[in-house]
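A, B, ... follow the sequence lines: proteins, then strands. Residue 1 opens every chain. Note that the structure is a prediction, hence the values are computed from the model and not measured.
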Protein chains: 4
Amino acid sequence: MRKALSQKDRRKMPSQERSRFTVEAILDAAVQVFERHGYAAGTTARIAERAGVSVGSLYQYFPNKDAILVALVDQHLAEVQTLAGVVFARAHAADLTLPQALRVIVAGFVDMHALNPQLHRLLSEEVVLPGEAQEKLARLKQSIVEAVGQLLARYGVAEQGSPGLTAYVLVQVADHLTHQLVLHPPVPLTPQQCVDEILLVVLGYLGQTNPFTPPPASPAPPPKECPPADAAETAAR
Amino acid sequence: MRKALSQKDRRKMPSQERSRFTVEAILDAAVQVFERHGYAAGTTARIAERAGVSVGSLYQYFPNKDAILVALVDQHLAEVQTLAGVVFARAHAADLTLPQALRVIVAGFVDMHALNPQLHRLLSEEVVLPGEAQEKLARLKQSIVEAVGQLLARYGVAEQGSPGLTAYVLVQVADHLTHQLVLHPPVPLTPQQCVDEILLVVLGYLGQTNPFTPPPASPAPPPKECPPADAAETAAR
Amino acid sequence: MRKALSQKDRRKMPSQERSRFTVEAILDAAVQVFERHGYAAGTTARIAERAGVSVGSLYQYFPNKDAILVALVDQHLAEVQTLAGVVFARAHAADLTLPQALRVIVAGFVDMHALNPQLHRLLSEEVVLPGEAQEKLARLKQSIVEAVGQLLARYGVAEQGSPGLTAYVLVQVADHLTHQLVLHPPVPLTPQQCVDEILLVVLGYLGQTNPFTPPPASPAPPPKECPPADAAETAAR
Amino acid sequence: MRKALSQKDRRKMPSQERSRFTVEAILDAAVQVFERHGYAAGTTARIAERAGVSVGSLYQYFPNKDAILVALVDQHLAEVQTLAGVVFARAHAADLTLPQALRVIVAGFVDMHALNPQLHRLLSEEVVLPGEAQEKLARLKQSIVEAVGQLLARYGVAEQGSPGLTAYVLVQVADHLTHQLVLHPPVPLTPQQCVDEILLVVLGYLGQTNPFTPPPASPAPPPKECPPADAAETAAR
DNA sequence: AATGAATGAGCCTTCATTCAT
DNA sequence: GATGAATGAAGGCTCATTCAT
């Protein structure tokens, strides 16, 4: 079904002034169109129209429809990785309690989604996406799970039973709740309230999971190195 | 965009022996095809082929593609409502503690998803579905949220701040976690373990939300340590 | 049964050079295809093929098959109305006898059919056409009947008994005979001969109907013996 | 497009009691369905349904859809020929004037159409019919034209100029007017009035064409005022 | 580079016809 | 003989993609 990009990928990377602008217009339009109609039913014609360019121009910059989605994913990845880097660095500040660290992270998630909620929902919920996009997204999510796992480990939250499960569940819950509360809040919510509510879930879960040990930092045994502040950035690779 | 089924729905619902079988084959096939390709890209030809019938036969029973999805939704609704009825009834047994009641419900959810995980994911995550399907699903979810809300109320879990938010979050979390753990478990999990993990989240959330009051109605707090983990598994029958 | 053109008719009407040509090629092809196979069995693929374009191009200019027919009808209407305007104006010249006036009109009809006999036959005889087309055609015919009725009235041809019947019969006869004599002449006929023959019927009918009064308005009876038989042939330009 | 009846035409001629009834039910249904939807869009399923039989049964008696139409044509032919035989015989009565003879014939036509107006319209106006049907109809019309020609000849109505043209025009006019006045009368009309109006056209035409010689054969002109207007109505039985 | 007309494979749907029951 | 489920070719229409201007 999917056609390989048989011909040499002669599309130019946007270097010119106008080019860059056009590409962004297309990507912005694509987000809206894909969100409104889904990926399969989002037509290139509509994207071009909404972007204010011709289909021909669209194909000047993207070899095919899939490539637009992939570009969207790449853009998303870059944003998330950048933000995640900052957020995890901040969360690793030596003097934070685990709840404080988690608040930093959850707030970061919410900010991320608030940027472009529709895109996030599309990428994480559209049932079928091109293989390439799906793989990249999976890798991203995996890296975040790992980063969270490391954070938990640092605070001595033992992964009882299934290693990796706790972090996975945490990320799933936080991610999905963020989607829902941002896109379909059952009652009006400020971002702040979103964060609070998600934290209730997250902390409750960890409390139930593991009456974790007091703060880390202190003289006591964080024998482990300190993970590089930008933990997630590496992981995101 | 969507065509109303203006004409009398002349498709005969299965009455004969063979018919009923054919209809089921088509619905089963549809679940797989929609799951693999998404709704928009799931072609009727592929559905028919996988069902082992001709397109013509498919259209003998369904006036159009949307109707197949709607039938799937209806089937899903019926199953869920039946199971939910049993589960909530059981959860309202007078002598259960809240954790016990919640375990019953979560176990019910997991059983439900275990029946046809792909269908559940499709219906709850596909970004764009026919309006009719979307509305029915929304009503279903709403009714479940309300039922959970009532259960919580019964146990004195006050909806502090935003009324309805707690139940909504609870259902979102339980539902989504079930999807994920059933479809993409990061580590192998038994249904029993799924239930346990989800309960950790749910109970933790409630614990954080509201150090809820002891048992409800009955004078004697149930001494039982743990309700049978597979409480609802029987109900699922 | 027929689908309303619910969506904004995004098809562009010809603006560019090439477009206009394509649209005309399609319409011309449609006339031939509909004539050869009838409307229902005239496929868009065949129309496109005969027009020398792809189906896609056809649908770039017409939102659906019905719209092609409607365009044909509109084109027909425009032609007929223009020609009818000229013809009736000429027929109302003050110094014409009724036979002379009728000759002008009949000659105009024949000229009209001679332009595109197949289209005329299709539009007036195909048993089932899209509602929109049928209504427009009915209105056209009605307006012609009325114009003829006025002409007759002017010459004092009383509508004995059923008002409107005479003009209706006159138009029916003239119209149908023109079709037949143009498309299936039992013997070879020049347009001139067609007009003559039809006039025989028309004048005979009126003669039988009503030994109509002498000339109308002007006091002095027109001395002219016979108007040039091909009166309207020039007008057809 | 049309499939040859490759297999031996094993369909049985209706011999049994019920068979004959079924065949008629199908043909009656077919008339209605073809009339409402046109031939191409009249489906066999609908015909069968309206006839109160299954598609299977329909195909028991007719090898394909075309055959139904052809049977209709044959039936029509038989009726018309029978009626025409009676009518023309009566019209040849030695003592009738031409107007009287023509009245007999026109009344016969009107009776014929009144029997099954829709069928007549379908057969004479549907633009495209199966070749076989079209040929048979053409032959029928030709034979009627010839019979009328002979009648005219008998009354000394010379075919000036184009031999055969007068009779052809006469039949066209009478036939078409009958359709129109029966199916779409501009004002309410009794069959009697239809006949009168058509006769006005026909007689007028002949009067214009050829101030025909007095009665034919017999020396004594028939003094009879008017033949019974419903002359053929009995014949129609 | 931009434009948008043109292309045609493929999708949803219908319907004449067959055949197992 | 009757039934109606099954079949699949064909039709209307869409849309990703190409290409002449």
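- Rounded to a whole Å, the CD1 atom of Ile47(D) is 18 Å from the P atom of dT14(E).
- Spacing between atom CD of Glu49(B) and atom P of dC11(E) amounts to 11 Å, rounded to whole angstrom units.
- For the pair Glu24(D) and Arg20(D), the salt-bridge criterion is not met [side-chain N within less than 4.0 Å of a carboxylate O].
- Side-chain proximity of Val55(D) to dT13(E), dA16(E), dT17(E): nearest is dT17(E).
- Within the 4.0 angstrom heavy-atom criterion, no nucleotide atom of any strand lies near Gly52(D).
- The 5' end of DNA chain F is approached more closely, in terms of each residue's nearest nucleotide, by Ala45(C) than by the other of Ala45(A) and Ala45(C).
- Across the protein-nucleic acid pair, Asn64(C) atom CG and dG11(F) atom C1' stand 14 Å apart, rounded to whole Å.
- At whole-Å resolution of the value, CD1 in Ile26(B) and C1' in dA6(F) are 11 Å apart.
- Across the protein-nucleic acid pair, Glu24(B) atom CD and dA5(F) atom P stand 16 Å apart, rounded to whole Å.
- dC15(E) atom P lies 16 Å from atom CG of Leu58(B), rounded to whole Å.
- Using a 4.5 Å cut-off on side-chain heavy atoms (C-beta onward), Asp66(C) and Tyr39(C) make contact.
- Within the model, atoms CG of Leu72(D) and CZ of Phe34(D) stand 7.0 Å from one another, a figure rounded to the nearest 0.5 Å.
- Distances shown here put a side-chain N or O of Gln60(B) below 4.0 Å from the OP1 or OP2 atom of dA5(F).
- A distance-only check finds no donor-acceptor pair linking the side chain of Gln134(A) to the backbone of Val128(A) [under 3.5 Å].
- For the OP1/OP2 pair of dT17(E) and a distance below 4.0 Å, the side-chain nitrogens and oxygens of Tyr59(D) include at least one atom meeting the criterion.
- Put simply, CZ on Phe21(B) is 14 Å from P on dT21(E), counting in whole angstrom units.
- Note on residues 29-40 of chain D: pairs passing salt bridge (Lys or Arg N to Asp or Glu O under 4.0 Å), not counting sequence neighbours, are Glu35(D)-Arg121(D).
- Contact check, Ser54(A) against dG4(E): no side-chain N or O comes under 4.0 Å of OP1 or OP2.
- Side chains of His76(D) and Leu123(D) form a contact here, defined as non-hydrogen atoms less than 4.5 Å apart.
- Each of Val53(B) and Lys65(A) was assigned the nucleotide of DNA chain F with the nearest heavy atom; the assignment lying further toward the 5' end belongs to Val53(B).
- In DNA chain E, consecutive stretches of 3 or more Watson-Crick or G-U wobble pairs with both distances under 3.5 Å are given as paired ranges: E:2-21 with F:2-21.
- Residue Thr22(B) has a polar side-chain atom (N or O) positioned under 4.0 Å from OP1 or OP2 of dA6(F).
- Under 4.0 angstrom from either OP1 or OP2 of dG11(F) there lies no side-chain N or O belonging to Thr44(C).
- Rounded to whole Å, atom C1' of dC15(F) lies 18 Å from atom CZ of Phe62(A).
- Contact check, Ser57(D) against dT3(F): a side-chain N or O comes under 4.0 Å of OP1 or OP2.
- In terms of heavy atoms, Leu69(A) sits closest to Pro130(A) at CD1-CD, 3.4 Å.
- Residues forming a side-chain contact (heavy atoms from CB on, under 4.5 Å) with Val53(B) (at least two apart in sequence, or on another chain): Thr22(B), Ile26(B), Ala48(B), Ala51(B), Ser57(B).
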